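First comes the structure, then the notes that go with it.
Since the model is a prediction, treat every value here as computed from it, not as a measurement.
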Amino acid sequence: MTAILRAAAAALLLFVTTAAWAAPAPRLSDADRADIARIERYLNDIRTLKTKFNQTNPDGSATSGTIYVQRPGRMRVEYDAPNPVLVVSTGVWLIYNDKKLGQVSYLPLNSSPAAFLVRDSLSFERDGAILGLERGPKVLRLTVAEKADAGAQKLTLVFADSPLKLEKWAVVDAQGQTTNVSLSDPTVGVPLDPVLFKFSDPSPDRKQRN
């Protein structure tokens with residue numbers, strides 16, 4: 001469950017630092033703040049997203065699937081067969097379903113890294129800790145952490161630049177394990193069926209959970 005939620009939160013996601021990253025945030029230059037503001041505008045303009053993804057896990061295994069996002073609060077991560085995992089954010093819960101094992105787990109969305117990505121309005125300085133901004137040839141890498149979770153995980157978002165486009169992210173958990181997610185042909189602004197973000201719990205105690 002932990003590896004999948006890292007990826008979804010991906011989700012995504014999600015998000016965000018190891019204990020070594022709990023040091024004071026770096027001082028940002030005017031150019032840094034301008035680029036961060038540009039990234040925030042780009043992400044906040046995305047109200048819906050559909051994208052294929054490829055995921056590399058800490059143990060070297062790989063999987064793929066499709067991510068759907070509808071802000072605020074909703075996300076669905078479908079893994080391709082034979083991976084039996086489905087992750088759904090309903091706006092209240094982040095739900096992990098292993099269809100093969102028949103196991104369903106619930107995590108309050110606001111206590112999960114996924115909440116960071118599906119907020120109605122995202123601000124890195126307000127909602128998170130900015131750990132660093134790197135520039136390369138036509139690429140920007142922004143590393144952030146949740147302020148409330150500054151000792152747990154870190155998230156690096158990688159953007160193509162000119163024009164700005166989210167291409168991949170990497171999540172490093174509290175044990176230093178890295179999960180990489182690359183996006184393939186993301187489409188934004190597309191209508192998404194509301195049923196994607198609903199979940200019918202097949203377990204006997206579903207009424208108690210819902």
Any sub-3.5 Å donor-acceptor pair from [X]'s side-chain atoms to [Y]'s backbone N or O?
X: Tyr68; Y: Phe197; answer: no
X: Asn44; Y: Leu122; answer: yes
X: Thr48; Y: Gly189; answer: yes
X: Arg71; Y: Arg47; answer: no

What closest approach, in Å, do [X] and [Y] show between heavy atoms, and which atom pair accounts for it?
X: Gln177; Y: Pro58; result: OE1-CB, 2.9 Å
X: Thr66; Y: Phe53; result: N-CE2, 3.3 Å
X: Gly73; Y: Ser89; result: O-OG, 2.5 Å

**Message:** Taking CG in Asp185 as the centre, count heavy atoms belonging to other residues, nucleotides or ligands within less than 6.0 Å. Is the count above 12?
**Reply:** no
[Y] side chain reached by [X] side chain, heavy atoms, under 4.5 Å:
X: Ser123; Y: Glu40; answer: yes
X: Asn83; Y: Gln55; answer: no
X: Thr90; Y: Ile95; answer: yes
X: Pro186; Y: Lys165; answer: yes
X: Leu109; Y: Val92; answer: no
X: Leu43; Y: Phe159; answer: yes
X: Asp35; Y: Leu133; answer: yes
X: Leu183; Y: Lys168; answer: no

**Prompt:** Between atom CD1 of Ile36 and atom CZ of Phe124, what is the distance when rounded to the nearest 0.5 Å?
**Reply:** 8.0 Å
**Asked** Salt bridge between Asp193 and Arg76, side-chain N to carboxylate O under 4.0 Å?
**Response**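 The answer is no: the pair does not qualify as a salt bridge.
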**Fill in**
In Asn57, Thr156, Val172, the residue satisfying side-chain contact (heavy atoms from CB on, under 4.5 Å) with Thr178 is Val172
**Request:** Give the C-alpha distance, both sets of side-chain angles, the deciding distance and a yes or no for salt bridge (charged side-chain N to carboxylate O under 4.0 Å, His left out) between Arg33 and Asp30.
**Result:** CA-CA 5 Å; Arg33 292 184 183 279; Asp30 290 342; 5.4 Å; no
Using the rule that two of Ile, Leu, Val, Met, Phe, Trp, Tyr join whenever any of their side-chain heavy atoms come within less than 4.5 Å, decide whether [X] and [Y] are in one cluster.
X: Val158; Y: Val144; result: no
X: Val139; Y: Leu157; result: no
X: Leu166; Y: Leu192; result: no
X: Val190; Y: Ile67; result: no
X: Leu94; Y: Leu196; result: no

**Test log, rule side-chain contact (heavy atoms from CB on, under 4.5 Å), inputs Leu142 and Leu140** = CA-CA 6 Å; Leu142 177 65; Leu140 290 173; over 6 Å; no
**Item:** side-chain contact (heavy atoms from CB on, under 4.5 Å) assessment of Leu155 paired with Trp169
**Value:** CA-CA 7 Å; Leu155 169 72; Trp169 63 76; 3.8 Å; yes
